[in-house]
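Structure first, then comments.
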Number of protein chains: 2
Amino acid sequence: MTTAIQPRTLKTRARLIEAATAIVEDSSFTELRVEEVVRRAGVAKGTFFAHFKDKDALLDRMIGEIIDQHLDQIGAGAAPTSVDQIMVALTPLMTFIGSEREVFGVILRYSGATTVEEIGPIAATFERFVLVLSDWFIDGPFRQDADPATLAEGVQAFMFQALALNFCAINNQRSVHDRLRPYLELWLHPAKALDPQG
Amino acid sequence: MTTAIQPRTLKTRARLIEAATAIVEDSSFTELRVEEVVRRAGVAKGTFFAHFKDKDALLDRMIGEIIDQHLDQIGAGAAPTSVDQIMVALTPLMTFIGSEREVFGVILRYSGATTVEEIGPIAATFERFVLVLSDWFIDGPFRQDADPATLAEGVQAFMFQALALNFCAINNQRSVHDRLRPYLELWLHPAKALDPQG
DNA sequence: ATTCATTATTGACCGCGGTCAATTTTGTGT
DNA sequence: ACACAAAATTGACCGCGGTCAATAATGAAT
């Protein structure tokens, strides 16, 4: 039998990712073209698709890696003790997700996986997001009547709601921050909301 | 000056929409092709793009109309007095949105408008969604410490969260319903959640 | 009826993602 | 060294959304 995976393969894949990264640095995710990637990498078009199922799979990997780096930062800091601190902690990630329509689009498409075996990088980061945030809600100064993971999922939902509305010209006068804060206040401090003194 | 809009125009547009509707009935939104639409309508490809900015604009219109019909139903019924009743009321709309990945995708893309003048049908329905649901939260048996519109936006966010997770193979064992209920319970009945007897 | 500016339609063409049969490269057994 | 099968690469090709200069149809003014 022959070697299952050749060194050549890894080298080519690295070249493709390198080329793609350079393109994003030069312009943006939106303007990334497969034909430009293979041109810079010096390989044929077909080679690209031998390495990535489709263009989105490459973006999935690149964007997933960036999100993971943000989660490293989020997880490394001390657990927030207020909604404001939560928003400060989440800001860099939200800024990235909201930086380009294309990025937001890919994340929305890839937040779900088609089959269990094919859980992509982005989908994985969203599981991780819930794990990281759940820690904040165990014994934190936030509501204790709910499953921490459910609270984390709620924060995720509100984050996307705020970002989606921000991409919408009708109501993008308010910043993502101003939009997210009341959601989180009501979600995480229902008692305080019921009674401002409490 | 000449007539601003010719009868011919309306007729052609109607033929295009008719053809597209027939295709969706025959197959699905996913399999709708512009070339098939113009073939059935008996016009050239360029004509399509003289009537619709792009393919998404047609889908925006078709899907927006369907969502509007669901909102008619939702608005016509009596205001729900429990989370379960809310879910019953929202079920037909959620079933439609979750019926096809393509439908969900178009809605996510078009829930926001690029410019204020270009608020599309789907974006309009989401403003209407908030209006309709806000009515339920004024003087209803739900939390009274929050702006009704904010509560409605929260329901919207959770609806999308539940739908998005449902498209995800990792965790689609739970139904959309089972996923949505705890969110809404915690969102709309924080006091009850704090004290099960209350 | 004829002119003429405006509007609608046409279809060849392009961009770009994605496919696949043919070809080349690679590592292993002899 | 050589043969050979598996793996990697190639590039012509396709599908389909979208463009645009050229052409045709329309209706108002005369």
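Naming: A, B, ... by sequence-line order, numbering from 1 per chain. Note that these values count all heavy atoms, side chains included, but never hydrogens, waters or copies made by symmetry.
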So if I take every side-chain heavy atom of A:R33 and compare against D:dG17, C:dG17, C:dT10, which nucleotide ends up nearest? C:dG17

Between C:dA8, D:dG18, C:dG27, which nucleotide has the shortest distance from any of its atoms to the side chain of B:K55? D:dG18

What is the distance from CZ of B:F48 to P of D:dT19, rounded to the nearest Å? 11 Å

Rounded to whole Å, the NZ-C1' distance (A:K53 to C:dT19) equals 13 Å

Report yes if a side-chain nitrogen or oxygen of A:H51 is closer than 4.0 Å to either non-bridging phosphate oxygen (OP1 or OP2) of D:dA8; otherwise report no. no

Value for CG (B:L93) from CD1 (B:I74), rounded to nearest 0.5 Å, stands at 5.0 Å

Should we say atom CD of B:Q73 is surrounded by more than 12 heavy atoms from elsewhere, each under 6.0 Å from it? no

Rounded to the nearest angstrom, tell me the gap between atom CG in B:L10 and atom C1' in C:dT7. 13 Å

Of all of residues 11-29 of chain B, which get a heavy atom below 4.0 angstrom from DNA chain C, listed by number? B:T12

Rounded to whole Å, CG of B:D56 lies from P of D:dG17 at a distance of 10 Å

Sugar-phosphate atoms are those with a prime plus P, OP1 and OP2; base atoms are the rest. Using that split, label each nucleotide of nucleotides 20-25 of chain C B, S or - for protein heavy atoms under 4.0 Å, 5' to 3'. B----B

Roughly how far, to the nearest 0.5 Å, is the CG atom of A:D68 from the CD1 atom of A:I63? 13.0 Å

Could you tell me if the side chain of B:L151 sits less than 4.5 Å from the side chain of B:R143, heavy atoms only? yes

Send over the distance from A:E36 CD to C:dG17 P, rounded to a whole Å. 11 Å

If you compare all heavy atoms of A:A149 against all heavy atoms of A:S134, which two are closest, and at what distance to 0.1 Å? CA-OG, 3.3 Å

Out of curiosity, B:Q161 CD to A:M159 CE, how far, rounded to the nearest 0.5 Å? 10.0 Å

By the 4.0 Å heavy-atom rule, please label B:L32 as base, sugar-phosphate, or nothing. sugar-phosphate

Please work out if B:L58 contacts a base, only the sugar-phosphate, or nothing of the nucleic acid, heavy-atom cut-off 4.0 Å. nothing

To the nearest Å, give me how far apart CG (B:L59) and P (D:dC16) are. 15 Å

Without decimals, in angstroms, what is the distance between B:F52 CZ and D:dG18 P? 13 Å

The reported gap from OG in A:S82 to CD in A:E185 (rounded to nearest 0.5 angstrom) is 8.5 Å

Judged by modelled atom types alone, do A:T91 and A:H177 share a side-chain donor-acceptor pair under 3.5 Å? yes

In terms of heavy-atom contacts, does CZ of B:R61 have more than 12 from other residues, nucleotides or ligands at under 6.0 Å? no

Among D:dT10, C:dT10, D:dG18, find the nucleotide with the atom closest to the side chain of A:V43. D:dT10

Taking atom P of C:dT10 as reference, at what distance in whole Å does atom CZ of B:R39 sit? 15 Å

